[in-house]
Every structure is written in C-alpha cells, then in structure tokens.
Amino acid sequence: MNATPPAAASVVDRQQVIQAYRDNRVRTQVLFEMLTPDAYYEQPIPLRHPVVFYEGHIPAFAVNSFLKKGLGHPGLDSDLEALFARGIDPGDHASAAKSAPAVWPTRDEVRRYAETADDVILKALESDTIEREQNGSLYRGQGVFTMLEHEVMHQETLLYMWHQFGLEKKRRPAGHTIASTIAPVSSRREMVTIPAGRATLGATVTEVEFGWDNEFPTSCVDVPAFAIDLHNVTNAGFLAFVEAGGYNDANLWTHEAWKRLAESGRQHPWFWELIDGDWYWRGMFDRVPLPLAWPVYVTHDEASAFARWRRQRLPTEAEYHRAAYGTPAGTERSYPWGDGKPDPTHGNFDFCRWDPVPVGSSPDGASAWGVQDLVGNGWEWTSTVFGGFPGFEVMASYPEYSADFFDGDHFVVKGASPATGHGLIRRSFRNWFRPSYPYMYASFRCVQDDA
Ligand SMILES: [Fe+2]
C-alpha cells in the first residue's frame with residue numbers, strides 16, 4: 001500500500017478563471033461607459049473617491065494582491081499602485097481628506113495602466129504557478145479568486161455610485177427597460193412560520209471553491225421557531241410608515257439612529273423623491289411614479305424603526321439562513337431554490353436589470369418554506385452585528401478585508417441585489433454596511449417570535 005498522501009486536488013481551472021477575468025473587465029468597461037465623460041472626476045458620493053479612482057483601483061488591487069503579494073512580481077508602477085491602493089470606508093472623514101490627491105492622473109494614463117495590468121495578469125493566469133499549498137496567498141488559488149471577486153463587488157459599488165448621478169450624466173444601455181411600476185400590490189401581509197431548527201452559517205474551506213475569511217469556519221446555530229414576511233417590505237408598506245409619522249417618532253428609533261436621522265435631515269427613503277405632493281422613485285435611468293410593489297430600499301436604521309412600528313424586528317443572520325436554506329426535512333440547501341446554479345429565473349441579480357422588480361416576481365427562487373426573493377432584488381438587512389465566526393482567521397491575500405470592519409458599527413446583509421454578480425451568490429457569502437449608509441440596494445423583511 002502506498003503511504004504517501006495524495007497531492008491536494010487543484011481548485012483553479014485556468015481556462016475558467018481566464019474567462020472570468022476577461023468577463024469582469026468587459027463588464028467593468030461597460031459600466032464606465034454608462035457615464036458621460038464629464039463625470040470622470042466627480043464624486044457622486046461625498047465620502048467616496050471620484051470616478052477616476054475606481055478605474056485605477058480595480059487593476060491596481062489585482063496587481064497588489066495577486067501579482068505582488070501572491071506571485072512575488074515587482075509590480076508595474078509603484079506610484080499608481082500606492083495612489084489606487086485603497087478605497088474609503090464611508091464614515092471615515094479623516095482618511096477621506098488625507099487620501100485625496102490634488103491632481104488625479106488623466107484618463108489615458110489610467111487606461112494605459114489598466115491595459116498593461118490586464119496583459120501581465122492574463123499571462124500569469126496562463127502560465128505561472130497560481131496555486132500552491134505552502135503559500136497562504138496562493139493556497140487553493142486564493143489570490144486569483146480574491147482578485148476576481150473584488151472586481152465583481154466593485155461593480156456593485158460602481159452601480160450604486162452611478163445611481164447617485166443626475167440622469168443627464170448617464171447613458172442608457174441599448175435595450176434597457178424598467179420593470180412594471182404599476183404592478184398590483186397586495187394589501188395583505190403574509191407571514192410564514194419557520195419551525196425551530198439548526199442553521200449552518202459559514203462554510204468549511206474545502207466545501208466551497210473560494211470564500212472570504214469572514215465565511216469560515218462553519219458556525220451552527222439552533223434557531224427557535226419564528227415567523228417571517230413572505231415578501232420584502234414594499235414601497236407601499238413603507239409609505240404607510242412614512243404617512244403615519246414614522247420619521248418623527250423618536251420612540252421608534254434607537255438613540256443613535258435618531259441622532260443620525262436628525263443629522264441627515266431625511267424624512268423618507270433616499271431613493272424616493274416628493275414632487276408637488278407625489279412620490280417618485282429615483283431609478284438608474286428613469287424617475288418614475290413610486291412603484292408600490294417593489295421592495296423598499298432603506299438603511300438599517302429605517303428598517304429597524306419600521307419593524308418596531310410594526311411591533312416586530314429584523315431577522316438575525318441565523319434566522320435568515322433558516323428561512324432561506326432550511327427545509328421541513330431538516331436538511332439544508334445550497335440556495336433557497338435547491339442545489340441548481342443561480343440563473344435569472346431564481347431572482348433579480350447578476351446585472352439583468354438596473355432597478356428592482358415587483359416582489360414575488362421570481363417564484364422559482366422561493367425557499368423550501370415558500371419565502372420569496374431571499375436572494376436577489378435587494379440585499380436583506382439582518383439585526384446581526386458583523387463579526388467573525390468562532391475560529392475566524394484573517395486571510396493571507398487580503399488581511400484587512402473583514403477584520404477592519406469588526407467595529408460594532410456594521411450590520412450583516414445577506415442575499416443579493418440586482419447588481420450582485422452570480423459568482424457572489426453562495427450560502428456562506430456575507431456583506432455588511434453601516435446602519436445609516438443610504439446608497440446601497442438593501443431591502444428587508446420583518447420577523448416575530450412564534451407565539
Ligand atoms: Fe477595493
């Protein structure tokens with residue numbers, strides 16, 4: 001008998017990751033072309049960098065994390081790789097002020113850098129050793145997947161930044177249509193009871209092709225019975241809260257949330273506009289009468305206040321898992337709909353649309369309990385403060401990715417939005433935001449303890 005342990009199977013399929021890299025670059029280019037050229041040095045979100053930064057950041061991050069850290073490559077341009085190294089965590093005023101240079105490079109300079117980076121990276125993906133067991137950054141191809149998923153995540157960030165631009169700064173892609181804004185909305189609120197059971201959060205390193213550090217290891221949680229909304233809270237549902245004076249009732253908001261609300265001066269969700277007494281939705285390319293059947297996009301502060309108004313609460317991360325992946329038989333699925341790979345029939349994700357669709361539009365994506373739209377059409381707020389699972393360890397290729405945000409001031413969101421790439425749709429994937437950050441595509445539903 002041979003006593004030598006078998007060599008670890010290769011995780012990275014070169015042709016697949018080369019294709020994924022190329023697809024990413026094409027999509028990123030399409031996104032940048034959605035803006036008029038005069039928007040290039042503008043900052044649609046004050047505490048984020050101007051547009052130019054992101055066109056340089058995506059390739060510079062790939063060079064820094066994959067070529068330099070993973071492969072020991074000397075890099076391509078140390079000045080640009082320092083300039084484009086890191087984005088800004090919104091809320092960190094000091095770093096925003098410090099990191100903005102007086103003059104940004106020209107667009108030609110940024111594009112030349114990106115093209116050179118693409119050439120060198122594709123050659124490395126073609127023929128370098130990109131997977132190595134003894135090197136943390138290359139273990140199971142970590143550096144490759146870090147680079148690929150980083151770009152996909154930025155594509156979503158870009159889109160919600162673009163969303164903030166005036167309509168005159170955006171070019172509508174050919175064939176773009178907006179979903180029905182006049183779909184009927186049910187006045188009946190339906191809830192689904194999920195019996196007590198176990199939820200497996202996270203994953204083991206070998207059961208997924210790749211995961212970020214905060215996805216490991218698994219964490220099993222016993223979840224008592226609860227009832228959860230069948231659908232996300234809609235604009236119609238949230239309008240009732242607005243009209244009932246929810247934004248003026250301090251009792252519905254935590255002390256901190258009330259302070260943040262006062263600072264913002266807002267009286268309604270960020271994506272809404274009130275014009276001559278009528279409500280409108282500020283979409284990516286259109287301003288339309290408020291689509292009552294669409295999920296409302298709100299902050300964690302707003303979602304929590306609404307839930308309190310309804311004498312309910314937001315789900316925990318573990319409750320989300322039970323509703324999305326649990327089954328009456330006690331097993332757990334890979335996706336709410338089963339184990340089949342995500343496709344557009346399962347939900348509104350992967351850049352098929354630039355705005356939401358009416359809730360309940362993807363019945364094929366329902367969970368085993370019949371709960372709808374848990375993946376797609378907007379991230380789902382949870383009440384869980386972002387942190388590592390017991391046994392968490394930082395990852396070699398991007399050590400600051402999660403740990404920098406274990407500060408008690410970020411909440412976990414799960415699922416996906418219309419601007420979430422299909423590669424990020426996996427059970428263990430976790431995203432997180434500050435509780436009053438209003439720009440991203442986050443929806444919610446309420447839960448209550450099972451009586
Ligand atoms: Fe980044």
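For reference, positions follow the sequence shown, starting with 1.
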Query raised in the report: Quick check: are there more than 12 heavy atoms from other residues, nucleotides or ligands sitting under 6.0 Å from CZ of R426?
Result: yes

Look at [X] together with [Y] and state whether they make a salt bridge at an N to O cut-off of under 4.0 Å.
{"X": "R111", "Y": "E55", "answer": "yes"}
{"X": "D449", "Y": "R313", "answer": "yes"}
{"X": "K259", "Y": "E256", "answer": "yes"}
{"X": "D286", "Y": "R172", "answer": "yes"}
{"X": "R333", "Y": "D339", "answer": "no"}
{"X": "E380", "Y": "R445", "answer": "yes"}
{"X": "R25", "Y": "E151", "answer": "yes"}

Query - Nearest heavy atoms of V447 and M191, plus distance in Å - result: CA-CE, 4.1 Å

Query raised in the report: Taking all atoms of both residues into account, what is the closest heavy-atom pair of F216 and V205, and its distance?
Result: CE2-CA, 3.8 Å

Gap separating the [atom1] atom of [X] from the [atom2] atom of [Y], nearest 0.5 angstrom:
{"X": "S367", "Y": "R322", "atom1": "OG", "atom2": "CZ", "value": "10.0 Å"}
{"X": "R22", "Y": "L122", "atom1": "CZ", "atom2": "CG", "value": "5.0 Å"}
{"X": "L159", "Y": "F351", "atom1": "CG", "atom2": "CZ", "value": "6.5 Å"}
{"X": "K123", "Y": "L67", "atom1": "NZ", "atom2": "CG", "value": "11.5 Å"}
{"X": "R260", "Y": "R434", "atom1": "CZ", "atom2": "CZ", "value": "9.5 Å"}
{"X": "T234", "Y": "D229", "atom1": "OG1", "atom2": "CG", "value": "9.5 Å"}

Could you label the plane-to-plane angle of the [X] and [Y] rings as parallel, tilted or perpendicular, counting under 30° as parallel and over 60° as perpendicular?
{"X": "F386", "Y": "W432", "answer": "parallel"}
{"X": "F285", "Y": "W354", "answer": "perpendicular"}
{"X": "F433", "Y": "Y437", "answer": "parallel"}
{"X": "F411", "Y": "H300", "answer": "parallel"}
{"X": "H346", "Y": "W337", "answer": "parallel"}

With distance as the sole test, does [X] use its side chain to make a donor-acceptor pair with the main-chain N or O of [Y] at under 3.5 Å?
{"X": "T299", "Y": "E302", "value": "yes"}
{"X": "Q43", "Y": "H49", "value": "no"}
{"X": "N348", "Y": "S417", "value": "no"}
{"X": "N235", "Y": "P291", "value": "yes"}
{"X": "E207", "Y": "T204", "value": "yes"}
{"X": "Q16", "Y": "D13", "value": "no"}
{"X": "D355", "Y": "G283", "value": "no"}
{"X": "E131", "Y": "V11", "value": "yes"}
{"X": "N64", "Y": "K69", "value": "no"}
{"X": "H163", "Y": "R282", "value": "yes"}

Between [X] and [Y], is the gap from one ring center to the other below 6.0 Å?
{"X": "Y335", "Y": "Y325", "result": "no"}
{"X": "Y160", "Y": "Y439", "result": "no"}
{"X": "F444", "Y": "F306", "result": "yes"}
{"X": "F61", "Y": "F66", "result": "no"}

Should [X] and [Y] count as side-chain neighbours, where that means a heavy-atom distance under 4.5 Å?
{"X": "F53", "Y": "L83", "value": "no"}
{"X": "W104", "Y": "P50", "value": "yes"}
{"X": "L31", "Y": "T28", "value": "no"}
{"X": "W162", "Y": "V51", "value": "yes"}
{"X": "L261", "Y": "D301", "value": "no"}
{"X": "H73", "Y": "D128", "value": "no"}
{"X": "V296", "Y": "N232", "value": "no"}
{"X": "N24", "Y": "Q155", "value": "yes"}

Query - CA sep, side-chain torsions, deciding dist, call: E81, K68, salt bridge (Lys or Arg N to Asp or Glu O under 4.0 Å) - result: CA-CA 11 Å; E81 278 138 29; K68 288 181 171 173; 2.9 Å; yes

Any side-chain donor paired with an acceptor under 3.5 Å for [X] and [Y]?
{"X": "S397", "Y": "S137", "answer": "no"}
{"X": "Q134", "Y": "Y139", "answer": "no"}
{"X": "H150", "Y": "H57", "answer": "yes"}
{"X": "Q372", "Y": "S362", "answer": "no"}
{"X": "Q164", "Y": "W270", "answer": "yes"}
{"X": "T106", "Y": "D108", "answer": "no"}
{"X": "N377", "Y": "Y441", "answer": "no"}
{"X": "H321", "Y": "K414", "answer": "yes"}
{"X": "T327", "Y": "E332", "answer": "no"}

Query - V359 and W294: CA distance, side-chain angles, deciding distance, side chain to side chain contact (heavy atoms under 4.5 Å, CB included) verdict - result: CA-CA 6 Å; V359 298; W294 291 10; over 6 Å; no

Requested in this report: Please lay out, stage by stage, how E317 and R430 fare under the test salt bridge (Lys or Arg N to Asp or Glu O under 4.0 Å).
Outcome: CA-CA 9 Å; E317 185 177 5; R430 310 165 79 204; 2.7 Å; yes

Requested in this report: For the pair Y21 and D118, evaluate side-chain hydrogen bond (donor to acceptor under 3.5 Å, both in side chains) and give the outcome as yes or no after the intermediate values.
Outcome: CA-CA 9 Å; Y21 186 84; D118 286 348; 2.7 Å; yes

